[in-house]
Number of protein chains: 2
Amino acid sequence: MILPIAEADDPRIADFRDVRERDLVGRQGAFMAEGEVVLRLLVSRLGGADSHCLRALLLSEAQAQRLGDVIAALPQDVPVYVAGQKVMDQVVGFPIHRGILALGVARPLPEPAALLERLGERALVVAALGLTNHDNMGGIFRNAAAFGADAVLIDAACCDPLYRKAIRVSVGASLVVPFARVADGAAAVELLKARGFEVVALSPAGREPLSRLVRPPRVAALFGTEGPGLPDAVMAMTRTVAIPMAAGFDSLNVATTSGIVLHHLSGV
Amino acid sequence: MILPIAEADDPRIADFRDVRERDLVGRQGAFMAEGEVVLRLLVSRLGGADSHCLRALLLSEAQAQRLGDVIAALPQDVPVYVAGQKVMDQVVGFPIHRGILALGVARPLPEPAALLERLGERALVVAALGLTNHDNMGGIFRNAAAFGADAVLIDAACCDPLYRKAIRVSVGASLVVPFARVADGAAAVELLKARGFEVVALSPAGREPLSRLVRPPRVAALFGTEGPGLPDAVMAMTRTVAIPMAAGFDSLNVATTSGIVLHHLSGV
């Protein structure tokens, strides 16, 4: 259902307005996705029992012409608003060079226990604690998808993986990899251990090097912030693992760390 | 030498003005570094045969008080301009919350052949081709430092590792890890092979999985852009290696890829 838009203040596209500021405010359940790769991923998963809901698209005229196959595959009731690039930039609030915005409503977040119950005897879970940076959150989800992680747990202090920037950096992975929120690290570890997961906490102070870790069938990898790292109480409950580094440099970006760890765990 | 600054248009701090725009323009040899960690790293390396030159500091009043030990360790002729946060924000052109800016002049770039000649019998080199994103460039340097890479080669199409954002993302590593510029990928491979380096090119189309690669004593890892990847001609000249991924997701961020590869190569 293609609907041309001539004016930036057209009320039908009010939800797309000032996307950047909405990012800061957050809106329960709603998300904004950008770009072709993410849109195609989102559309390919529509209609599943567990899928997100696509509410509307806003496309530049050039993109609407290019993406005929995507538009044809949409459910009939999804409006596709098409605007000139200039109007689109006005609506969005900054020059959005990709010309593709999708507005969705997220599936309800599962309870963490219910999410873990669904996993098989061999399973890989990522747990992120205190991560407030959308680049890092997106990067962790991208790596989780790339290495076949089955689920992600985030604590109450983590930012929303469905914020626009996190979705973009994840290349859509945060729309696909199931995740749930726990109160804190201790709650995550308890939930995981009760289900037979070996919980591996990454820290420069870890007691064994990652390269020696043999993958347990059910394993969860825990990542904290780069500065303070994981709380001592969480470290004490887990198997702590370090990535050895050159003298003088003892820190890696947390998303990079997750890539190294998940590569190791998925390959063993 | 502490020099209080009361007005944003004080000509003594003209070089700090509108830092963000300068980033876009670029200035041969000059660089701007932000934040305490990077400043301390920079200062700790001053005076070496191969060190960069520190031209001036601009600090907020609060940071000038905190960083007394750093200021005391500076050469006498380095001016330390101190301004209130408001003046500093006006000078820089945006609210710079860290309140620490250092202006330097880079050491001359070595010739790539000369850089490689200096390396030992066991050496690890990173080569980046066509990387135009400062986040990725900074991330690669951070990983190169973390895993003890001896040098980085970049091709003519790569962005400058000493741009402000690249320095920041690298946590100063691009100021420390030696690098040189080559014309293109073929030139890099030829230079490396002539000196006994095994050249490993990372690509989703690589012929062997990374986990099976036994580290050669002299090894170079080649990384291209995420989209087009490495040119076929370069792939044909090298040993191609893939990082196996889950079905449906065949791409990793290039900085994350470098972390996985360097972790593997440094640990074997």
Side-chain angles (χ1 to χ4, degrees), chain A residues 36-37 40-41 44-45 124 133 135-136 138-150 168-177 202 204 209-213 215 226-227 242-268, chain B residues 36-37 40-41 44-45 124 133 135-136 138-150 165 168-173 175-177 202 204 209-213 215 226-227 242-268:
Chain A
E36 179 175 351
V37 174
R40 287 187 182 277
L41 185 70
S44 74
R45 306 289 179 113
L124 174 57
N133 178 295
D135 283 292
N136 287 336
I140 285 175
F141 269 88
R142 183 173 181 180
N143 295 336
F147 293 114
D150 299 286
R168 187 180 71 216
V169 173
S170 82
V171 199
S174 63
L175 291 169
V176 173
V177 179
L202 269 293
L210 174 66
S211 58
R212 299 240 195 94
L213 180 69
R215 150 101 192 233
E226 284 170 48
I243 296 176
M245 275 172 250
F249 270 86
D250 67 349
S251 91
L252 284 170
N253 168 270
V254 65
T256 298
T257 303
S258 76
I260 293 170
V261 172
L262 294 172
H263 172 254
H264 179 77
L265 292 175
S266 72
V268 181
Chain B
E36 179 176 351
V37 174
R40 287 187 181 277
L41 185 69
S44 74
R45 305 287 178 116
L124 173 57
N133 178 296
D135 283 294
N136 287 336
I140 285 175
F141 268 88
R142 183 175 181 178
N143 295 335
F147 294 115
D150 299 286
K165 193 178 185 192
R168 187 180 70 215
V169 174
S170 80
V171 199
L175 291 170
V176 174
V177 180
L202 270 291
L210 174 66
S211 58
R212 297 241 198 93
L213 181 68
R215 149 100 192 236
E226 284 169 47
I243 296 175
M245 275 171 249
F249 269 85
D250 67 349
S251 92
L252 284 171
N253 168 269
V254 65
T256 297
T257 303
S258 76
I260 294 170
V261 171
L262 293 173
H263 173 253
H264 179 77
L265 291 175
S266 72
V268 181

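Throughout, a chain's letter reflects where its sequence line sits, starting with A, and its residues are numbered from 1.
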Looking at every heavy atom in both [X] and [Y], which two are closest together, and how far apart are they?
{"X": "A:Ala146", "Y": "B:Ser251", "answer": "CB-O, 4.4 Å"}
{"X": "A:Gly148", "Y": "B:Ala246", "answer": "N-CB, 3.6 Å"}
{"X": "A:Gly259", "Y": "B:Thr256", "answer": "CA-CG2, 4.0 Å"}
{"X": "B:His263", "Y": "A:Ile243", "answer": "CD2-CG2, 3.5 Å"}

Subject >> Option that, when pairs with chain A are counted at under 4.5 Å, heavy atom only, ranks first among B:Ala149, B:Ala145, B:Ala255 >> reply: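 Counting heavy-atom pairs under 4.5 Å, the top option is B:Ala145.
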Less than 4.5 Å to any heavy atom of chain A: does that hold for the side chain of [X], its backbone, both, or neither?
{"X": "B:Leu210", "value": "side chain"}
{"X": "B:Val261", "value": "neither"}
{"X": "B:Thr257", "value": "neither"}
{"X": "B:Ala173", "value": "both"}

Subject >> Nearest-0.5 Å distance, CG of residue B:Asp135 to CG of residue A:Asn253 >> reply: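 The distance works out to 10.0 Å.
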Original post:
Roughly how far apart are B:Asn143 CG and A:Ile260 CD1, rounded to 0.5 Å?
Top reply: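 Separation between the atoms: 6.5 Å.
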**OP:** Evaluate the side-chain proximity of A:Ser266 to B:Met245: yes if any heavy-atom separation is below 4.5 Å, no if none is.
**Re:**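 No; the side chains remain at least 4.5 Å from each other.
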Original post:
Where on A:Ser258 is there a heavy atom nearer than 4.5 Å to chain B: the side chain, the backbone, both, or neither?
Top reply: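 For A:Ser258, there is no contact with chain B at all, as no heavy atom is under 4.5 Å.
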Subject >> Contact class of A:Leu41 relative to chain B, heavy atoms under 4.5 angstrom >> reply: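 Just the side chain, heavy atoms under 4.5 Å.
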